[in-house]
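Heads up: the structure comes next, in structure tokens.
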There are 2 protein chains.
Amino acid sequence: MRDNKRQEATCEQELNAIRDSLEVLGGKWKLRIMRHLNNHINETNTFKKIQRGIEDISAKMLSKELQDLEINLLVSRTVMNTKPITVRYAITAYGQSVFPVTESLVNWGLNHRQKIKQKD
Amino acid sequence: MRDNKRQEATCEQELNAIRDSLEVLGGKWKLRIMRHLNNHINETNTFKKIQRGIEDISAKMLSKELQDLEINLLVSRTVMNTKPITVRYAITAYGQSVFPVTESLVNWGLNHRQKIKQKD
DNA sequence: GTTATCGGTTAACTAATGGTAACTAGTAAC
DNA sequence: GTTACTAGTTACCATTAGTTAACCGATAAC
């Protein structure tokens with residue numbers, strides 16, 4: 001794998017790659033959760049603490065999104081040996097690799113809003 | 001506007017900017033259409049030609065997506081004075097600005113697929 | 001034994017996205 | 001007048017995404 005032969009993907013492969021990215025990062029909550037974990041990276045982020053920290057997210061959505069993020073290696077889940085048990089979630093080093101990607105989306109989005117404003 | 005004070009957006013503003021970007025570029029067809037128009041930039045891209053060029057897209061979806069793209073200034077629409085009338089769609093110069101953004105999504109998606117493969 | 005906290009799950013709903021097929025109007029060839 | 005091509009629109013349906021509210025077992029405080 002080290003001798004990577006990338007950067008000559010076909011059109012279809014590129015569209016698939018974008019679909020993959022948006023599946024992993026898209027939706028209403030995933031990036032909010034990632035950012036929250038990154039902003040509180042030195043704290044013990046338990047399920048309830050995260051839920052209280054992210055406005056309006058329901059237990060169901062938080063549970064489901066954390067599972068998805070864990071499957072994709074972006075977030076780690078550690079059951080702590082406490083009573084009552086607590087579960088600690090943390091963004092992984094790999095998880096932090098999403099921020100440079102989203103930065104370009106942020107910049108394009110900010111610029112686009114200006115552009116559309118000028119239309120009126 | 002020229003003295004742009006950007007790049008110090010709050011967390012919430014950044015999430016909104018990402019939402020904006022994904023609203024404009026997301027979904028099943030928008031980027032396919034953009035790429036198609038970009039790949040056939042020297043041709044006259046009529047509605048029917050585009051529909052034949054993009055596999056499985058229905059008239060309804062193509063019509064709706066082209067309208068969205070036009071509203072967002074990414075695609076231009078020109079009614080030609082022919083009989084029967086034809087309508088020419090083209091990607092705008094501004095529309096081409098999306099490709100650098102999607103490139104980072106492509107790269108992350110390709111890399112992520114490798115990463116997940118290694119898990120098994 | 002009642003109440004509260006932990007980390008969730010379950011069922012039932014609504015909203016958004018996209019697909020299918022039929023249909024429109026205008027023009028032209030046969 | 002029937003067929004075909006232009007550029008779409010309309011109505012209906014299925015799937016997905018997300019919301020709401022109730023519930024679960026375990027543990028601990030009162």
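Chain identifiers are assigned alphabetically (A, B, ...) following the order of the sequence lines, protein sequences preceding nucleic acid strands; residue numbering begins at 1 within each chain.
With sequence neighbours excluded, the residues that form a salt bridge (Lys or Arg N to Asp or Glu O under 4.0 Å) with B:Asp20 are A:Arg113. Qualifying side chain to side chain contact (heavy atoms under 4.5 Å, CB included) partners for A:Gln96, counting only residues two or more places apart in sequence or in other chains: A:Asn38, A:Ile41, A:Ile91, A:Phe99.
When the P atom of D:dT16 is taken as reference, atom CG of A:Leu22 falls 17 Å away, rounded to whole Å. Across the protein-nucleic acid pair, A:Asp68 atom CG and D:dA17 atom C1' stand 12 Å apart, rounded to whole Å.
A heavy atom closer than 4.0 Å to some atom of DNA chain D occurs in no member of residues 32-42 of chain A.
Side-chain heavy atoms closer than 4.5 Å link hydrophobic residues (I, L, V, M, F, W, Y) into clusters, and following such links, possibly through other members, connects A:Leu110 to A:Ile116. Grouping the Ile, Leu, Val, Met, Phe, Trp and Tyr side chains by contacts below 4.5 angstrom, directly or via other members, places A:Ile71 apart from A:Val79.
One end of the helix from C:dG1-D:dC30 to C:dC30-D:dG1 points its axis 30° away from the other end's axis, with each axis taken from 5 pairs and the angle rounded to 10°.
Side chains of B:Lys30 and B:Asp68 form a contact here, defined as non-hydrogen atoms less than 4.5 Å apart. Here the side chains of B:Val24 and B:Leu69 are not in contact, with every heavy-atom distance at 4.5 Å or above. A:Trp108 is not listed as a side-chain neighbour of B:Pro100, based on a closest heavy-atom distance of 4.5 Å or more.
Between A:Tyr89 and A:His36, the ring centre distance reaches or exceeds 6.0 Å.
The CG atom of B:Leu62 sits 4.5 Å away from atom CD1 of B:Ile57, with the distance rounded to the nearest 0.5 Å.
Read 5' to 3', the first and last nucleotides of DNA chain C with an atom closer than 4.0 Å to a heavy atom of chain A are C:dC6 to C:dA12.
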Go through it in stages, so that I can follow the logic: the residues are A:Lys60 and A:Ser63, the test is side chain to side chain contact (heavy atoms under 4.5 Å, CB included), and I'd like the CA-CA distance, side-chain angles, deciding distance and then a yes or no. CA-CA 5 Å; A:Lys60 177 194 158 184; A:Ser63 170; 5.9 Å; no

So A:Thr92 and A:Ser76, side chain to side chain donor-acceptor pair (under 3.5 Å) or not? Walk me through it.
CA-CA 6 Å; A:Thr92 60; A:Ser76 65; over 6 Å; no

key: Residue pair B:Val87, B:Arg77: steps toward the side chain to side chain contact (heavy atoms under 4.5 Å, CB included) verdict   = CA-CA 7 Å; B:Val87 180; B:Arg77 178 183 189 271; 3.6 Å; yes

**Request:** Output, in order, the C-alpha distance, side-chain angles, deciding distance and verdict of side chain to side chain contact (heavy atoms under 4.5 Å, CB included) for B:Tyr94 and B:Asn72.
**Result:** CA-CA 10 Å; B:Tyr94 175 57; B:Asn72 283 299; over 6 Å; no

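B:Met61 comes within 4.0 angstrom of sugar-phosphate atoms only, judged by non-hydrogen atoms across all strands, and of no base.
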Scoring nucleotides 7-13 of chain D by protein non-hydrogen atoms under 4.0 Å (B base, S sugar-phosphate only, - none) yields BBBBB--

